[in-house]
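Take a look at the structure below.
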Amino acid sequence: MHMLQRDPSPDDPEPQDGADLSPWLIAMAEFVLAETTPTPLPHVPEITLRLARESVPLWDKIERNRDLRGGPPYWGFAWAAGLALARHVIDHPHLVAGRRVLDLASGSGLIAIAAAQSGAAHVIANDVDPLAVIAISLNADANAVAVEASPADLLTPDSGFDTAAVDVVRVGDVFYDHDLAGRAFAFLARCRAAGCLVLIGDPGRADFPSERLTKISDQSVPVTRNCQNVAAAGPDGADYDVRPAAVWAFAGSVAHADVA
């Protein structure tokens, strides 16, 4: 697991040389384990993820626990666009086989795990939420694949990320927020300009720049009823709706045969 660093709190004791963060990491892992259930995925049955039942109560627990320092628990659910992109990767393993892959805004690690299962040489699952990094590591272990979970903020201009370090960049459902959409697209455009194959999963978000991209796959994705994602099943079992999601590449950047 990639070692995490957290921002200091005014209530934290003065740091000591060689201080061990392992109690914090253990508490984070215990929280994720307690709040999630291993769940086989519809649409991508090759992968099992630790998923939560409901997002609002889970987010409330995170906000009330100052030691967790997490954001909205996107990592606790499998989102429609991520499911579509993971399905595309598994169905077309040549896209990642033997290549170095970055999964941006990884959340649960779904797309990263799909890439690892499909023969990627090295997979980085990146998410700025420390709880997501924990969830990614647990989910990768549960699916018996090697994934490097990274908490670095790659979207800042001074992130120092070397686009030459990866061959393929994949991201699922990152255009749900206007500010994030612009920053994410700028990063993806830099990756594409550096020669990376960039594939994006999206369920039809308002800020998705479809005019600058080419659709390569339309899918009908089962999600938990009345949700945009798959959650852990309740006591009555799983009950699904079907939602559309698509996989896109940069317009004119690659031939259709290269991405499908």
Side-chain angles (χ1 to χ4, degrees), residues 1-4 28-29 32 36 38-41 43-51 70-71 73-155 159 161-163 165-174 184 187-188 191 196-202 217 221 229-230 245 247-249 259:
M1 185 189 308
H2 200 99
M3 180 58 69
L4 300 175
M28 299 264 284
V32 173
T36 59
T39 305
L41 298 180
H43 204 60
V44 191
E46 296 89 342
I47 296 175
T48 293
L49 296 180
R50 298 199 67 92
L51 301 182
Y74 300 129
W75 50 265
F77 305 89
W79 298 82
L83 289 162
L85 186 48
R87 182 73 267 155
H88 191 79
V89 170
I90 292 173
D91 288 346
H92 304 88
H94 67 279
L95 297 175
V96 297
R99 298 183 178 183
R100 301 163 298 171
V101 177
L102 169 66
D103 177 20
L104 181 69
S106 186
S108 65
L110 167 59
I111 299 166
I113 292 167
Q117 287 185 343
S118 300
H122 182 71
V123 181
I124 302 170
N126 171 259
D127 200 296
V128 296
D129 187 333
L131 282 169
V133 174
I134 298 291
I136 291 164
S137 298
L138 292 171
N139 285 327
D141 287 348
N143 287 275
V145 295
V147 170
E148 177 188 344
S150 166
D153 186 353
L154 302 184
L155 303 188
S159 71
F161 178 73
D162 181 8
T163 54
V166 294
D167 307 301
V168 183
V169 179
R170 299 175 182 276
V171 58
D173 205 354
V174 77
F187 174 81
L188 296 173
C191 292
C196 297
L197 170 63
V198 177
L199 294 182
I200 305 165
D202 188 80
S217 173
V221 180
N229 54 54
V230 174
V247 178
W248 301 73
V259 292

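These figures come from a predicted structure and were not determined experimentally.
Separation of atoms CD1 (Ile113) and CD1 (Ile90) is listed at 9.5 Å; rounding is to 0.5 Å. Atom CD1 of Ile200 is separated from atom CG of Leu104 by 9.5 Å, given to the nearest 0.5 angstrom. Rounding to the nearest 0.5 angstrom, the gap separating the CG atom in Leu83 from the CD1 atom in Ile47 is 9.0 Å. Note that CG of Leu51 and OG1 of Thr36 are 7.5 Å apart. Values are rounded to the nearest 0.5 Å. Taken from CG in Leu131 to CD1 in Ile136, the straight-line distance is 11.0 Å, to the nearest 0.5 Å.
For Pro130 against Met28, the heavy-atom pair with the smallest separation is CB-CE, 3.4 Å. The two residues Ser118 and Val96 have their closest heavy-atom pair at CB-CG2, 3.6 Å. Taking every heavy atom of both residues into account, Ala146 and Val123 meet most closely at O-CB, 4.4 Å. The shortest heavy-atom contact between Ile134 and Ala29 is CG2-CA, 3.6 Å. The minimum heavy-atom distance between Ile111 and Gly82, with the atom names listed, is CG1-O, 3.8 Å. Closest heavy-atom contact between Gly172 and Ala81: C-CB, 4.4 Å.
Side chain of His92 to main chain of His88: a donor-acceptor pair is present (N/O by atom type, distance under 3.5 Å, no hydrogens or angles). No side-chain donor-acceptor contact under 3.5 Å links Asp202 to the backbone of Asp173. Side chain of Asn126 to backbone of Ser150: a donor-acceptor contact under 3.5 angstrom is found. With Ser159 contributing its side chain and Leu155 its backbone, the two residues share no donor-acceptor pair below 3.5 Å. Between the Asp127 side chain and the Ala132 main chain, no donor and acceptor come within less than 3.5 Å of each other. Between the side chain of Arg100 and the backbone N or O of Val168 there is no donor-acceptor pair closer than 3.5 Å. Listed for the Trp79 side chain is a donor-acceptor partner under 3.5 Å among the backbone atoms of Tyr74. In this structure, Asn143 contributes its side chain and Thr48 its backbone to a donor-acceptor pair below 3.5 Å. Under the 3.5 Å distance criterion, the side-chain polar atoms of Gln117 are matched with a main-chain donor or acceptor of Glu46. Side chain of Asn139 to backbone of Ser108: a donor-acceptor contact under 3.5 angstrom is found.
Using a 4.5 Å heavy-atom threshold, the side chains of Trp75 and Val32 count as touching. Within the 4.5 Å cutoff, the side chain of Asp91 has heavy atoms near those of the Arg87 side chain. Proximity of Leu197 to Val169: side-chain heavy atoms (C-beta onward) are nowhere separated by under 4.5 Å. At least one side-chain heavy atom of Cys196 sits under 4.5 Å from a side-chain heavy atom of Val166.
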Checking side-chain contact (heavy atoms from CB on, under 4.5 Å) for the pair Leu154/Phe187: CA distance, chi angles, key distance, verdict?
CA-CA 8 Å; Leu154 302 184; Phe187 174 81; 4.0 Å; yes

CA sep, side-chain torsions, deciding dist, call: Val230, Val221, side-chain contact (heavy atoms from CB on, under 4.5 Å)
CA-CA 10 Å; Val230 174; Val221 180; over 6 Å; no

One pair to check against salt bridge (charged side-chain N to carboxylate O under 4.0 Å, His left out): Arg170 and Asp103. What are the steps and the verdict?
CA-CA 5 Å; Arg170 299 175 182 276; Asp103 177 20; over 6 Å; no

